[in-house]
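Owing to the predicted nature of the structure, the values given are computational and were not obtained by experimental measurement. Atoms within a ligand are numbered from 1 in the order they appear, just like the ligands themselves.
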Amino acid sequence: MSLPHTPDVTIELAESNRRRAQDLWDREYEDAPTIPSSLRAAPAHALVELMRACEFPAARALDLGCGNGRNSLFLASLGIQVTALDFCPKAIALTRRRVEEAGLSGSVEVVNQDLLDGIPGGDETYDLVMDAYSLCHFTRDEDQRRVMSEVARVLKPGGYFIKIHVDSSDAYYLERLHTRTSYGHISFDPANGLKKMHCSLSTYTEQVAPKFTLVKAVNIVFPDDVRGKVYDRSIFACLMQNVKEVI
Ligand SMILES: C[S@@+](CC[C@H](N)C(=O)[O-])C[C@H]1O[C@@H](n2cnc3c(N)ncnc32)[C@H](O)[C@@H]1O
């Protein structure tokens, strides 16, 4: 028996999930932010360190889930042509404003796109793709796989992928553990209604990004006061290379 209405129902559900996720992010950028990076102007510390330590040539870069644009602006300040991508209207507006204020409109293209619909652009477009705390919000295995295969598609052979991630030993998110998974766990933060996936660096490189080769990695552990309570925070950052077709 055919079910003629099933595709429409699936599309409607996907649309309502997308709007709900965009609303949560809009609130994060509009009201009191619960994620420290949401209003931070400085680029991610780990990104600055990785770019300093590895002097690799990058002419074109893609910033996945650019937020307020802080990392895109940093990459543009190094002379890199950047595509800053996000699906949250408030984040897009913040990034556009900051790019204009910095006089970098010629270096940063701001793109409003849901990564669940893929990455716009042709194959082998970018020398560098970066993800600072964004893809962790894809908590379904199939969504991670889909977006990682898009990352591999748009990266040039030999291109680089930078990943910055709150790992599975982070005390703040362990206190908010929602579901254990094969790679680590998913947290849920009632302060902003957002879920995040957490794993260790080794699990990430072996299970989530097996198509990439690890070049350099750092683990950063630091005490941090979150709304009046001190937690042992833990993140990893890594530089990986898309070597599949170079060999
Ligand atoms: C924690 S913020 C990180 C922002 C930025 N990378 C930084 O380090 O400041 C995560 C960002 O990912 C974006 N994001 C989440 N899901 C997305 C999706 N499906 N498509 C595009 N962007 C998404 C959110 O709107 C948000 O701006």
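Taking any N or O of Asp86, backbone or side chain, at least one lies under 3.5 Å from an N or O belonging to ligand 1. Considering backbone and side-chain N/O atoms, Leu64 never comes within less than 3.5 Å of an N/O atom of ligand 1. Polar contact with ligand 1: present for Asn71 (N/O pair, distance under 3.5 Å). An N or O contact shorter than 3.5 Å links Asp114 to ligand 1 by distance. For ligand 1, the polar-atom distance check against Leu85 finds no nitrogen or oxygen pair separated by under 3.5 Å.
At the shortest separation from atom 9 (O) of ligand 1 among protein heavy atoms lies Arg70 NE, 2.7 Å. Distance from atom 20 (N) of ligand 1 to its nearest protein heavy atom, with residue and atom name: Leu115 N, 2.9 Å. Nearest protein heavy-atom neighbour of atom 5 (C) of ligand 1: Gly65 O, 3.3 Å. Nearest protein neighbour of atom 3 (C) of ligand 1, counting heavy atoms only, is Ala132 O, 3.5 Å. When only non-hydrogen protein atoms are considered, atom 12 (O) of ligand 1 lies nearest to Ser134 OG, 3.4 Å.
Closest heavy-atom approach to atom 26 (C) of ligand 1 within the set Phe138, Phe87, Tyr29, Tyr133: this belongs to Tyr29.
Within the structure, every pair that satisfies the ring-ring contact (aromatic ring centres under 6.0 Å, His included) test and touches residues 126-157, not counting sequence neighbours, is listed here: Trp25-His137. Residue pairs meeting the ring-ring contact (aromatic ring centres under 6.0 Å, His included) criterion with at least one partner in residues 217-243, sequence neighbours excluded, are His165-Phe236, Tyr172-Tyr231, Tyr204-Phe236.
Between the NZ atom in Lys156 and the CG atom in Asp123 there is a gap of 13.0 Å [rounded to 0.5 Å].
Residue Cys66 places a heavy atom less than 4.0 Å from ligand 1. Using a non-hydrogen distance threshold of 4.0 Å, Gln113 registers as a contact of ligand 1.
Under a 4.0 Å criterion applied to the non-hydrogen atoms of Cys88, ligand 1 contributes the atoms 25 (O).
Put simply, the side chain of Arg70 gets close to the backbone of Ala42: a donor and an acceptor are under 3.5 Å apart. The main-chain N or O of Ser105 is never found under 3.5 Å from a side-chain atom of Glu100 such that the two would form a donor-acceptor pair. Side-chain atoms of Asp127 come within 3.5 Å of backbone N or O of Arg60 as a donor-acceptor pair. Of the possible donor and acceptor atoms, one in the side chain of Asp86 sits under 3.5 Å from a partner among the backbone N and O of Cys66.
We find that Asp23 and Arg20 are not joined by a salt bridge, their nearest charged nitrogen and carboxylate oxygen being 4.0 Å or further apart. Here Arg98 does not pair with Glu101 in a salt bridge; the nearest charged N to carboxylate O distance is not below 4.0 Å.
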